[in-house]
Engineer: 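One structure coming up, written as structure tokens, with questions to follow.
Atoms within a ligand are numbered from 1 in the order they appear, just like the ligands themselves.
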Amino acid sequence: MGSAGAWPDKLTNVRISFDSSNLLSSLIGPEHGLTPADLKGSDNAAYAALAAFKQSAEQGTYGFPLLPFQKELIASIADYASKLAGTYDTVCVVGIGGSALGAWALDCGLRGQHPLQAAFSAKNPRLAILDNVDPQFVESALASMTPKKTHVVVIAKSGATAETVATFMIVKDWLEAALGKKAAARITVVTSEGRGDLKVLATQQGYTTFHLPDNVGGRFSVLSAVGLVPAALAGFDIKKICKGAAEMTKLCWTKDLDKNVALRAAQFHHLVWTKKGKTLQVAFPYVNRLWGSAFWFRQLWAESLGKKKNRAGEVVHVGQTPIAALGTTDQHSQVQLYMEGPNDKVFSFWTVDKFATSGKIPKGKLGLEGFDYLAGQSLAKLIDAEQKATAAALTEEQRPNCNYTLSKLDEEHLGAFLQLLEFQTAFMGELLNINAFDQEGVELGKKFTFALMGRKGFKEFGDRFAAYEKKRKGK
Ligand code: PA5
């Protein structure tokens, strides 16, 4: 269980709060906001969701809560990365979906949004994430790297995802053409221990390999070797990331809804979604460094909660479409729709109490009314005012919105926040009575792709695709 083990030895004082006031009927009216009658009995439903998920985790069905407590593995990844440090200026991640987005969320969260990071060097290696098979994207990424200064991490839980395998074949070739047999030392593999051709290849070639547990799905794997190997190679303190996540895990197992933010948030989001028909969820960070996390969350929420059937096997076609928006940037792009378009969304603001820098605006007055009121203030104050103003405006328009606030953004808080969102998703799966951990809906497309690319064993899907094509062309 997540609460087992002595780690973290000391609490890190991670503080993440959830403000649900603007989801309530007292602020946005009874048509769109939660009334006392809506809330009645929902604490008990939340406790039942917690108990059910806890039981599954204790039985080992789902493994993500345990990840931040894997002290030996975390130390061995950190050790491995520190031995390689200085031998590369680029960490090239080859992976897709849950095998890429976690690394991106951590990189963006701790070093800032691309392309505004500091210049890369052997002391400050960049992460180049190859998560698409657009040929020009892959070609220009390779053109921007030097084989002798690149360390490749290929990540695939299944060991067989076509996009990852194809891209890796190109990257491997590129590396071997320059380095010959020495290329193998520049490749690290993250995959499942007991299955997949990537594991077979890694063994044949002698690549250093880290495994992820079978009971951890791709989108829940950021704190396994999937996210931690690239993060450690990029120079992040993965022990601190996991320490924050471990502390959050402890909170996520408590029955106290004032402390258990993940459970409280799942409870309120579930009610707003199912009782007020808010079928779109806008993840709205007012922090550029959380932009990568918003994209990571999109996959987590969409793939986990978008399901055809519930656990009883009934067809339910349930799902809440996640949208990523960035404040204040998207105030000038999306907010018109959010204010006046269909009232079908719930807004989740993600803010920080304290930025690492305030962005002081010069004091000097320019004699211009449109400039001078800002003189001597700060960007931190402005972004905070803009977020509060947007929340107030949405509330006046009866648009449900809530706020997650991190006291600051550092390794511990980022690890804790990602873990919180994973628990929130798992609890939501329980409240909806669906399996949040499978993804059968993406399998059919994968099988058609295998058939189209000539993989053995997929003839049935080749025939089905041919029938579809025939219909499309009206033959
Ligand atoms: O959450 C999931 O399991 C998926 O989105 C996977 O992460 C994605 O399909 C990539 O799979 P793999 O790691 O096997 O390449």
Side-chain angles (χ1 to χ4, degrees), residues 61-65 67 92-106 129-134 138 152-172 187-202 207 209-231 292-308 319 321-322 324 418-419 421-426 428-429 434-450 453 455 458:
T61 313
Y62 308 122
F64 82 82
L67 295 175
C92 173
V93 172
V94 182
I96 196 165
S99 291
L101 287 161
W104 186 36
L106 292 173
I129 301 178
L130 303 191
D131 65 348
N132 200 2
V133 285
D134 174 330
V138 174
V152 175
V153 188
V154 54
I155 310 174
K157 180 174 178 183
S158 60
T161 302
E163 295 93 322
T164 301
V165 168
T167 308
F168 179 59
M169 287 164 83
I170 293 171
V171 173
K172 176 177 174 296
I187 295 171
T188 308
V189 171
V190 182
T191 192
S192 299
E193 189 160 15
R195 67 183 168 116
D197 281 350
L198 181 57
K199 173 69 187 173
V200 177
L201 182 74
Y207 300 148
T209 303
F210 292 91
H211 301 117
L212 77 158
D214 284 341
N215 62 359
V216 175
R219 56 193 176 274
F220 291 88
S221 68
V222 57
L223 299 172
S224 73
V226 169
L228 296 183
V229 169
S293 299
F295 279 84
W296 169 86
F297 172 75
R298 249 177 16 151
Q299 184 211 11
L300 180 69
W301 203 247
E303 233 173 47
S304 304
L305 304 177
K307 296 289 145 86
K308 181 174 177 178
T321 306
L418 299 179
Q419 189 76 338
L421 293 171
E422 290 186 16
F423 266 95
Q424 177 183 313
T425 306
M428 183 63 96
I434 55 163
N435 180 356
F437 297 90
D438 64 4
Q439 58 280 324
E440 284 177 27
V442 296
E443 296 307 316
L444 184 58
K446 279 191 194 173
K447 286 171 182 161
F448 282 146
T449 305
F450 286 144
M453 295 300 283
R455 189 172 179 187
F458 291 87

Engineer: Look at the aromatic rings of F64 and F423 and report parallel, tilted or perpendicular, splitting at 30° and 60°.
Structural biologist: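 Rings of F64 and F423: perpendicular, as their planes differ by over 60°.
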
Engineer: Sort and list the pairs that fulfil salt bridge (charged side-chain N to carboxylate O under 4.0 Å, His left out) and have at least one residue in residues 298-307, not counting sequence neighbours.
Structural biologist: R219-E303, K307-D438

Engineer: If I compare all heavy atoms of L418 with all of S293, which pair ends up nearest, and what's the gap?
Structural biologist: CD2-OG, 3.9 Å

Engineer: Given side chain to side chain contact (heavy atoms under 4.5 Å, CB included), test V190 with H211 step by step and report yes or no.
Structural biologist: CA-CA 6 Å; V190 182; H211 301 117; over 6 Å; no

Engineer: Please tabulate protein-ligand N/O pairs under 3.5 Å for ligand 1, atom names and distances to 0.1 Å.
Structural biologist:
from: ligand 1; atom 1: 1 (O); to: R219; atom 2: N; distance (Å): 3.0
from: ligand 1; atom 1: 1 (O); to: R219; atom 2: NH1; distance (Å): 3.0
from: ligand 1; atom 1: 1 (O); to: E303; atom 2: OE1; distance (Å): 3.0
from: ligand 1; atom 1: 3 (O); to: G218; atom 2: N; distance (Å): 3.3
from: ligand 1; atom 1: 5 (O); to: Q299; atom 2: NE2; distance (Å): 2.6
from: ligand 1; atom 1: 5 (O); to: E303; atom 2: OE1; distance (Å): 2.7
from: ligand 1; atom 1: 5 (O); to: E303; atom 2: OE2; distance (Å): 3.4
from: ligand 1; atom 1: 7 (O); to: G98; atom 2: N; distance (Å): 2.9
from: ligand 1; atom 1: 13 (O); to: S99; atom 2: OG; distance (Å): 2.6
from: ligand 1; atom 1: 13 (O); to: K157; atom 2: N; distance (Å): 2.8
from: ligand 1; atom 1: 14 (O); to: K157; atom 2: N; distance (Å): 3.3
from: ligand 1; atom 1: 14 (O); to: S158; atom 2: N; distance (Å): 2.8
from: ligand 1; atom 1: 14 (O); to: S158; atom 2: OG; distance (Å): 2.6
from: ligand 1; atom 1: 14 (O); to: T161; atom 2: OG1; distance (Å): 3.3
from: ligand 1; atom 1: 15 (O); to: T161; atom 2: OG1; distance (Å): 2.5

Engineer: Classify the ring geometry of Y207 against F168: parallel below 30°, tilted from 30° to 60°, perpendicular beyond 60°.
Structural biologist: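 Answer is perpendicular, since the angle exceeds 60°.
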
Engineer: In this structure, are over 12 heavy atoms from other groups packed under 6.0 Å from E443 atom CD?
Structural biologist: yes

